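Notes to accompany the following structure.
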Number of protein chains: 2
Amino acid sequence: MLKGVIKTLTERQKVILQAIVREYTETGAAVGSKALAARLPIHVSSATIRNEMASLEEQGYVQKEHTSSGRIPSLAGYRYYVDHLVNNDAVAHADIQLIQNELSGSFNKIDEIIEESANLLSELTSYTAFTLKPEQADARLSGFRLVPLGNRQVMAILVMDSGEVANQTFTIPRSMSSDQLETVVRLINDQLVGLPITEIVDKLRVEIPAKVGQYMQTPEGFLQIFGRVLDQAATERFFVGGRLNLLNFSVNHNPQDLKSLYQLFDTSDDIASVLSPPDNKVQVKIGNEITNDLLKHYSLVTGTYDVGSHGRGMIAVLGPTRMPYSRMIGLVGAFRQELAAKLLDYYRNLDD
Amino acid sequence: MLKGVIKTLTERQKVILQAIVREYTETGAAVGSKALAARLPIHVSSATIRNEMASLEEQGYVQKEHTSSGRIPSLAGYRYYVDHLVNNDAVAHADIQLIQNELSGSFNKIDEIIEESANLLSELTSYTAFTLKPEQADARLSGFRLVPLGNRQVMAILVMDSGEVANQTFTIPRSMSSDQLETVVRLINDQLVGLPITEIVDKLRVEIPAKVGQYMQTPEGFLQIFGRVLDQAATERFFVGGRLNLLNFSVNHNPQDLKSLYQLFDTSDDIASVLSPPDNKVQVKIGNEITNDLLKHYSLVTGTYDVGSHGRGMIAVLGPTRMPYSRMIGLVGAFRQELAAKLLDYYRNLDD
DNA sequence: TTTAGCACTTACGCTATTTGAGTGCTAAGA
DNA sequence: TCTTAGCACTCAAATAGCGTAAGTGCTAAA
């Protein structure tokens, strides 16, 4: 039965596969030989198309929903399409305009830009979008301070040299004097400022508690606060836009699955690992190419953006495997450039 | 045909209505005379039940899905049930235990307690829960300060005498000196501290800009930041828990409606007005008794909690009209007491 | 290699038909 | 006067049957 799998497709087969993917992503219905024959620029009969389709099926690029149905692309078919058949037609001018427009406003924080980007990208695509802040591998602590707010309330503020700011208010125990606090703040600033986060986390385990212990009886509670704020600065790099769009394209409409997905969206570690930044370009992961099982019936278009010395971030769009890949790839590609430009601009404005 | 609407129900009718509501909220299926006759403690034939049901229907307490179906409660039926037929059987000991347990931890901010409450309440009910922070009608500004973070970044912090803290970081324009900033902060503290929020909002329109204008060329940008932080302190009183539970009980499964609802959840003003605190007790609003059209096919169980001089807050559960009212009323009642106790405890701990 | 022709398959939409749970009404019994 | 057995009737939901449209694979001729 297996006549041996041929590795290369003829030109005509490519045209047909391309047409099948396009048609199917547009209409969502399996595409048959007759309709395809009418639609194709080349003039061949439906019977010929049928023969080619059979060949494509044998090679695993298309499949049938049932014995006598038309063909739909398989995951391998989508992969082939994305790798060889997308035409990089220009991104709609209106879309670029829109991106530039939305990003042209003035923002107070990086976070605002990144969050707005997630929303905009989801709006443009009607899917769910993720954005990650640029990660400076060597981000260092540049300052820590406590601001008394009265009534034993204190706000802890932590600043990274990347510009990240994290803060948290808490209540100090009655037993703690403001002198003690100040000493500890000075200690932290002396010992930890200038160090990268990873190192701080290490020191926070043994070295620092010992030193702080000289000034406080119970340093644990306080250092816990510090650790939490540090954690916040390090991990809150992640925004989701268009969560609700998931309702439109989710394959499985039962609430339990949706909940699992939404929970996944809220665990930044997991999502970050799924997005795993590859090379510098736009990358497409289709179906089970995505490492997370919850997402194996979806597709993910990710792109990195480069902000020079300020590190590199990511954007991504999550949608159905049946998505208009050409458009998505173009859009993510354009977006990463616009975003990089905006952020470079932001930092330039800040630094001088 | 209308023999005249009788206003009072006989004992037997009450028993039957109660049974219909219970059965229907449990099973979701219209309840028929035969099944009911078997289930009821009183011994009457199904024919008798049918007669009584006809009477109940005439009075508007139950209705049919179609000519030959069993009966389901009408909104009026639910209302009667809630007003006269719920039995305040004790809230499950396990539930109270759970509430006390979850609230027994130590929290750094009121917000954490209130947020955790929303989550817990939604978990207990499997519905969506809302919590509002206690509102001190006369909350006043007790302090405003700016903390320079380096690189022209500044954090604005605002403290209310109720203990609320709001903050925001922003970037100051190059043209602004730190002297200018300090002057303005002093001005704000001199002029506005001690005033209730409403008054501040008024002054912020005319009086303050004029005064600030003496020290800055462009006070608008800065005052906008101040206004935004103020707004945050005033309006972020509101938490939602179990948003996703809506997927389980929403009447209408089309994405558009869900989106509208979720958007409603995010506009605190609208929700707050829907919840409109009534008397001190637990209150039930059924279907179109809720003023907001988006919610007119749901029911809302609200309860207020009293934190003495620190004001009064609210909790609420949003679920389907077909909900187990007895349990919900009991649960919300217990929760409001536990929450009030916890908050009183929190404030006592803070004040002295 | 291509294509016309043909037998075959399958989903989908229609139209009965059956079944089961339930109703209202009537007339007899308590 | 209230209760109840009995009966004819209704309707939703499930089931079965049937025609249609769109599609396929295969064969044989061009």
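This structure is a prediction, so every number in the text was calculated from the model and none was measured. Just so it is clear, the values below take in all heavy atoms, side chains as well, and ignore hydrogens, waters and symmetry mates. Naming convention: chains lettered A, B, ... in sequence-line order (proteins, then strands); numbering from 1 in each chain.
Ring pair A:Tyr81/A:Tyr61: centre-to-centre distance not below 6.0 Å. Aromatic rings of A:Tyr78 and A:Tyr325 (six-membered ring for Trp) have centroids within the 6.0 Å cut-off, being under it.
The two residues A:Leu318 and A:Phe249 make their nearest non-hydrogen contact at O-CZ, 3.2 Å.
Nucleotide C:dT1 holds its P atom 11 Å from the CG atom of A:Asn51, rounded to whole Å. If you take CD of B:Gln13 and P of D:dT3, they are 11 Å apart, rounded to a whole angstrom. Atoms CD1 (B:Ile49) and P (D:dC2) sit 17 Å apart, rounded to a whole Å. In this structure, the CD atom of B:Glu23 is 15 Å from the C1' atom of C:dG22, given to the nearest Å. Distance CZ (B:Arg50) to P (D:dT4): 11 Å, rounded to an integer number of Å. Rounded to whole Å, the distance from NE2 on B:His43 to C1' on D:dT4 is 15 Å. Atom NZ in B:Lys64 sits roughly 18 Å away from atom P in C:dA21 (whole-Å rounding). In this structure, CZ of A:Arg39 is placed 18 Å from C1' of D:dA22, rounded to the nearest angstrom.
Distances were taken from every side-chain heavy atom of B:Glu57 (C-beta onward) to each of C:dG24, C:dT10, D:dT24; the shortest belongs to C:dG24.
Remark: B:Thr67 is in phosphate contact with D:dC11, judged by side-chain N or O atoms under 4.0 Å from OP1 or OP2. Of the side-chain N and O atoms in A:Thr48, one or more sit less than 4.0 angstrom from OP1 or OP2 of C:dT3. Put simply, A:Ser68 has no side-chain N or O that comes within less than 4.0 Å of OP1 or OP2 on D:dA22.
Atom NE2 of B:His66 sits in a crowded spot, with more than 12 heavy atoms from other residues, nucleotides or ligands closer than 6.0 Å. The local environment of NZ in B:Lys34 is sparse, with at most 12 non-hydrogen atoms from other residues, nucleotides or ligands closer than 6.0 Å.
Mapping B:Arg71 and A:Val44 onto DNA chain C by nearest heavy atom places A:Val44 at the nucleotide closer to the 5' end.
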When you look at B:Arg79 and B:Glu289, which way does the salt bridge (Lys or Arg N to Asp or Glu O under 4.0 Å) test go after all the steps? CA-CA 10 Å; B:Arg79 168 76 12 227; B:Glu289 293 170 7; 2.8 Å; yes
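Checking each of A:Glu57, A:Glu58, A:Gln59, A:Glu52 against A:Ser55 for a side-chain hydrogen bond (donor to acceptor under 3.5 Å, both in side chains) leaves exactly one that passes, namely A:Gln59.
Helix bend of the helix from C:dT1-D:dA30 to C:dA30-D:dT1: the angle between its two end axes, each built from five pairs, comes to 20° after rounding to 10°.
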